[in-house]
Amino acid sequence: MNVYRAEYIWIDGTEPTKKLRSKTKIVPAGEEPPIWAFDGSSTQQATGDRSDCVLQPVFVCPDPIRGGDDKLVLCEVMLVNGDPHATNTRRACAETAKRYADFDMWFGIEQEYTFFKGARPLGFPDSGFPAPQGGYYCGVGADEVFGRDVVEAHLDACLRAGLKISGINAEVMPGQWEFQVGPLNPPAIGDQLWVARWLLYRVGEPFGVSATLYPKPVRGDWNGAGAHTNFSTKQMRSDYDACLAAIEALKGKHDLHIQNYGFGIEERLTGLHETASFREFSYGVSHRGASVRIPWQVAKDRKGYLEDRRPNANMDPYVVTRLITDTVCGAASATKGKPREMAAAAASD
Ligand code: ADP
Ligand code: MN
Ligand code: MN
Ligand code: MN
């Protein structure tokens, strides 16, 4: 064929949680996917009288659904004057990442999600509830595992798209699963996570199964869905004190982070079901009931990375990785920038 199909994917303006949208452009073979436009009045991104919004391609990969030369094209949403749209969170993430490029920030995100068939989570009976949680996490067998065909098809699609998926597992609640992306720098981690989410929804279509990132899909004694965000700076990867300093920095900005870690976070971060209460910051080695966990291997090696367990499954990775970068690298540069005061403080101790 002398053309290829480019699936343009973008993030809309739906409140309180943005949705993915996509449409197809036929592009001449050998040409890069160009700038394109869409009707922003249908995506909560514009009014009908000035409806045009612009799609600026930022991340292109093979389309594993269509195959061949076809492509997936993730875009930033821009105004016609070239400024980033108010709903475009990637731009600020990319700017922050650039400012702190010396830190070589890595992120690995654990995306949890829940399959639904109609109005019920996959694996839930038509009425009542399945057996209580306990056997489902990393389970095997038709009585414990629901939706593996879709999960495998999604993993395959992500790998064929060239995404840096690092693993998958069945989660604690039936019908709940996780995939991990990374480690990658921002904003690439956000790009790949958004494309992996799009593939999850898309792969579910022929199975008649939908996936939701809602943080607490079933009330009561059922785990919520999070997006644990593992991160490290170059310094943290070689020095434990840098890990502890990062924890201190996060502690000082707890409320700001909680407010930006996804809608409905109070429902999920109750202090039960492997979460810490959203009301206060905590941390601990191997502690899955803490806001931030220091993996045991990291405490042992005295270097490595941290797991911020607070983000919801429905968080925006551009927002979360921008905030963590800003908080952690900002605090580290502030201390570095004041060597005399630090030395003076240390001398007077
Ligand atoms: P958990 O034990 O919490 O379930 P997972 O194995 O699901 O952990 O996810 C761990 C994540 O941490 C992976 O996405 C991995 O890529 C990421 N990771 C590992 N090392 C680092 C590092 N040094 N910096 C940032 N992320 C890392
Ligand atoms: Mn995990
Ligand atoms: Mn998990
Ligand atoms: Mn985790």
Side-chain angles (χ1 to χ4, degrees), residues 97 100 103-115 133-134 136-139 145 151 155 158-159 163-193 196-197 200 211 213-217 222-240 242-243 246-247 250 262 268-269 272-276 283-315 317 320-321 324-325 327-329 332:
Y100 294 117
F103 287 83
D104 192 21
M105 224 351 164
W106 293 0
F107 286 95
I109 299 180
E110 304 168 51
Q111 176 70 67
E112 293 178 343
Y113 58 91
T114 312
F115 283 138
Q133 293 184 163
Y136 305 111
Y137 171 75
C138 297
V145 160
V151 171
L155 175 61
C158 288
L159 294 175
L163 304 185
K164 196 167 178 185
I165 297 289
S166 69
I168 56 171
N169 60 269
E171 272 301 337
V172 175
M173 186 182 104
Q176 212 167 63
W177 294 81
E178 167 179 317
F179 63 85
Q180 301 109 32
V181 189
L184 286 165
N185 298 127
I189 181 71
D191 296 341
Q192 294 210 11
L193 184 59
R197 285 172 173 180
L200 180 65
L213 305 186
Y214 195 74
K216 195 73 183 181
W222 302 96
N223 273 31
H228 299 165
T229 301
N230 302 270
F231 68 93
S232 59
T233 59
K234 195 168 57 187
Q235 290 82 355
M236 289 166 63
R237 291 191 288 276
S238 65
D239 173 19
Y240 199 55
C243 298
I247 292 175
L250 287 176
R268 175 176 149 263
L269 296 187
L272 299 171
H273 306 110
E274 301 176 57
T275 71
Y283 70 95
V285 176
S286 293
H287 200 329
R288 286 173 197 271
S291 315
V292 169
R293 176 174 65 100
I294 305 173
W296 71 270
Q297 185 78 46
V298 174
K300 182 166 165 282
D301 297 346
R302 302 202 53 82
K303 62 177 182 183
Y305 67 99
L306 295 170
E307 178 191 41
D308 188 342
R309 301 177 57 81
R310 297 171 294 174
N312 267 355
N314 61 354
M315 58 80 145
V320 169
T321 62
I324 294 177
T325 302
T327 298
V328 169
C329 303

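Numbers for residues simply follow the sequence, beginning at 1. Just so you know, ligand 1 is whichever comes first in the structure, and atom 1 is the first atom listed for that ligand.
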Contact between G167 and ligand 1, counting heavy atoms under 4.0 Å? no
Regarding ligand 1, does N169 bring an N or O atom to under 3.5 Å of one of the ligand's N or O atoms? no
Between N312 and G226, is there a donor-acceptor pair closer than 3.5 Å when you use the side chain of the first and the backbone of the second? no
Mark up the atoms of ligand 1 that fall under 4.0 Å of a heavy atom belonging to G108, in ascending order. 14 (O), 17 (C), 26 (N)
Among all protein non-hydrogen atoms, which one is nearest to atom 15 (C) of ligand 1, and what is the separation to 0.1 Å? S166 OG, 4.2 Å
So how many protein N, O or S atoms does the Mn ion (ligand 2) have within less than 2.8 Å? 2
For E171, what is the atom name of its N, O or S atom nearest to the Mn ion (ligand 3)? OE2
Counting each atom of ligand 1 from 1 as listed, which ones have a heavy atom of Q180 under 4.0 Å away? 7 (O), 9 (O), 14 (O)
Any pair counted as salt bridge (charged side-chain N to carboxylate O under 4.0 Å, His left out), so long as it reaches residues 170-181, sequence neighbours left out: none
Looking only at distances, can you tell me whether any N or O atom of E178, backbone or side chain, sits closer than 3.5 Å to an N or O atom of ligand 1? yes
The reported gap from OG in S166 to CD in E110 (rounded to nearest 0.5 angstrom) is 8.0 Å
N or O pair under 3.5 Å between R293 and ligand 1: yes
How far is atom 16 (O) of ligand 1 from the closest protein heavy atom, and which atom is that? P183 CD, 3.1 Å
Indicate yes or no for a side-chain donor-acceptor contact from R309 to the backbone of A276 under 3.5 Å, with no hydrogens or angles considered. no
Look at ligand 1 and say whether R309 reaches it with a heavy atom at a distance under 4.0 Å. no
CZ (F231) and CD1 (I189) are apart, to the nearest 0.5 Å, by 13.5 Å
So, Q192 side chain and K164 main chain: donor-acceptor pair closer than 3.5 Å or not? yes
Among all protein heavy atoms, pick the one closest to atom 25 (C) of ligand 1 and tell me residue, atom and distance. W106 O, 3.6 Å
The protein heavy atom nearest to atom 11 (C) of ligand 1 is N230 ND2, 3.3 Å
Flag E110 as yes when one of its N or O atoms lies below 3.5 Å from any N or O atom of ligand 1, and as no otherwise. yes
The closest protein heavy-atom partner of atom 23 (N) of ligand 1 is S232 OG, 3.3 Å
